[in-house]
Visitor: 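This is the structure I want to talk about, given as structure tokens.
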2 protein chains.
Amino acid sequence: MVRAGLTPHLLTRAGAELADEVGFDQVTVSELARRFDVKVASLYSHVRNSQDLKTRIALFALEELADRAADALAGRAGKDALVAFANVYRDYGREHPGRAAAARLRLDPETAAASAGVRHAQMTRAILRGYDLTEPDATHAVRLLGSVFHGYAGLETAGGFSHSAPDSEETWVRILDALDALLRNWPTEPTTP
Amino acid sequence: MVRAGLTPHLLTRAGAELADEVGFDQVTVSELARRFDVKVASLYSHVRNSQDLKTRIALFALEELADRAADALAGRAGKDALVAFANVYRDYGREHPGRAAAARLRLDPETAAASAGVRHAQMTRAILRGYDLTEPDATHAVRLLGSVFHGYAGLETAGGFSHSAPDSEETWVRILDALDALLRNWPTEPTTP
DNA sequence: GTATTTACCTAAAGTCTTTAGGCAAATACA
DNA sequence: TGTATTTGCCTAAAGACTTTAGGTAAATAC
């Protein structure tokens, strides 16, 4: 009996690929076992259960995304950094829709706190150093940017903007222009309607 | 044998409640049958399959949300309208997390085109009449607002902002201030970094 | 070279989905 | 009002995924 050489990490990687092919919520322990030509029960030595597998894929995607973002930020500042950072999210979502969906998985607080999601927030904060924001406005802005990237990716893969003018690419560029303008001119005092 | 009096709409409503209780992706035909004290197979006369049920719940949530938004917009304009509209999304997500998740379900293009999602976009566009935006900027702005509401709701229910200062409520208010400022001062020409 | 650990296996029970075909209640209609 | 049709819910059954328990052989330790 030749062993397959499974490891949690190997299963996670394969799960991420599977997610990109069939969609994150179609990822199943059974299908993974099939791909490794191994019986289903065997995977349960490496992964606690189906939920655990999905969480691992999510964490993997967050790491991968944070690595790419860190790369993109190197040597950039200001709008240049903002655009590069934002494009990482967008490109990742297009290139790896399943992993991107995984990165949006709801994690329980401790898991989230130990995830690369923290690095994402730190990098977003770093970008804001190119703008004149003090606390708590910086935090508000971090959350706004997170929402936009998250939300845009979700709507785009949900087909929200496809097949309608203007084209999604143009909107993306203009949204980044708008966010840059907003960050340069962040309203510190609530405006009265 | 007393009949249960099932209808697609009844099942959809019950499914929406179930989603709020256990989470949208835990909604199952079996559990629904159990709640109506009816055999599982019976539901298949009213609903094509599990996916169909979920789609119906999503469409129901979109309608409900659009109705609330329309109500909130009545008699309001400018920032007042923007805030009221945004709060509808936020409150809905807090009150009905399962339905809100359903409203984010990926629908196929035709279904989406026939859904209340169209009304949402129209209402967003109506809000922008309170600001000085011409096409294609209005469309870009509609998409930005959609992304922010979508994304913020997702991050908030994912626990992204909980247990950290400043409080999510404050961020929400300040983000709306920021969006209002942005819409009043939308950059028509790409800025150079 | 034996002992222990580890990787994968078989077996089995539980859940959910979905289809096929049947009987009885509701409804239509003479 | 009595018969005919439709419709709603049922039983039965097959297929897929999850998960646990306990076994055997391969890898590793010493």
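So you know, we letter chains A, B, ... as the sequences are listed, proteins then strands, and number each from 1. Everything numeric in this text was worked out from a predicted model, so none of it was measured.
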Visitor: Measure all distances between protein nitrogen or oxygen atoms and nitrogen or oxygen atoms of nucleotides 13-15 of chain D, and list the pairs falling under 3.5 Å.
Guide:
none

Visitor: Could you tell me whether A:Ser30 contacts a base, only the sugar-phosphate backbone, or nothing, with contacts defined as non-hydrogen atoms closer than 4.0 Å?
Guide: base
Visitor: Say whether B:Val83 and B:Phe85 are linked into one hydrophobic cluster, either directly or through other cluster members, by side-chain heavy-atom distances under 4.5 angstrom.
Guide: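 Yes, one cluster joins them.
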Visitor: Tell me whether B:Arg125 is salt-bridged to B:Glu135, with the criterion being a basic N under 4.0 Å from an acidic carboxylate O.
Guide: yes
Visitor: Please report, rounded to the nearest Å, how far the P atom of C:dT15 is from the CG atom of B:Leu32.
Guide: 18 Å
Visitor: Pull out every residue in residues 38-47 of chain B that has a heavy atom closer than 4.0 Å to any atom of DNA chain D, ordered by number, or say none.
Guide: B:Val38, B:Lys39, B:Ala41, B:Ser42, B:Ser45, B:His46
Visitor: Which of residues 5-27 of chain B have a heavy atom under 4.0 Å from DNA chain D?
Guide: B:Gly5, B:Leu6
Visitor: Would you call B:Arg119 and B:Asp67 a salt bridge, taking side-chain N to carboxylate O under 4.0 Å as the test?
Guide: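 Looking at B:Asp67 together with B:Arg119, the answer is yes, because their closest N to O distance falls below 4.0 Å.
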Visitor: Whether B:Thr28 contacts C:dT15 is assessed here as follows: a side-chain N or O lying under 4.0 Å from the phosphate OP1 or OP2. Is that the case?
Guide: no
Visitor: Salt-bridged, B:Glu63 to B:Arg99, with N to O below 4.0 Å?
Guide: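 Judged by the 4.0 Å cut-off on N to carboxylate O distance, B:Glu63 and B:Arg99 do not form a salt bridge.
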Visitor: Below 30° counts as parallel, above 60° as perpendicular, anything between as tilted: where do the rings of A:Tyr152 and A:Trp172 land?
Guide: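 A:Tyr152 and A:Trp172: tilted rings.
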Visitor: OP1 or OP2 of C:dC16 less than 4.0 angstrom from a side-chain nitrogen or oxygen of B:Arg34, does that happen here?
Guide: yes
Visitor: Are any of the side-chain nitrogens in B:Asp177 or B:Lys79 under 4.0 Å away from the carboxylate oxygens of its partner?
Guide: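 Counted as a salt bridge, because a side-chain N and a carboxylate O are separated by less than 4.0 Å.
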Visitor: Return the value, rounded to whole Å, for the distance between atom NZ of B:Lys54 and atom P of C:dC16.
Guide: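 Going from NZ in B:Lys54 over to P in C:dC16 covers 12 Å.
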Visitor: Taking only Lys NZ, Arg NE, NH1 and NH2, and the carboxylate oxygens of Asp or Glu, determine whether B:Arg35 and B:Glu17 approach each other closer than 4.0 Å.
Guide: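 Result for this pair is no, no salt bridge flagged.
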Visitor: Counting heavy atoms not belonging to B:Arg48, are there more than 12 under 6.0 Å from its CZ?
Guide: no
Visitor: Could you tell me whether A:Glu170 and A:Arg174 have a side-chain N and a carboxylate O separated by less than 4.0 Å?
Guide: no
Visitor: Can you tell me if A:Asp108 has over 12 outside heavy atoms packed within less than 6.0 Å of its CG?
Guide: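 Count over threshold, so yes.
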Visitor: Rounded to whole Å, how long is the line connecting atom CZ of B:Arg48 with atom C1' of C:dT19?
Guide: 15 Å
Visitor: When you compare the side chains of A:Arg143 and B:Ser168, does any donor N or O come within less than 3.5 Å of an acceptor on the partner?
Guide: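 There is no such pair (donor and acceptor under 3.5 Å, judged by atom type) between the side chains of A:Arg143 and B:Ser168.
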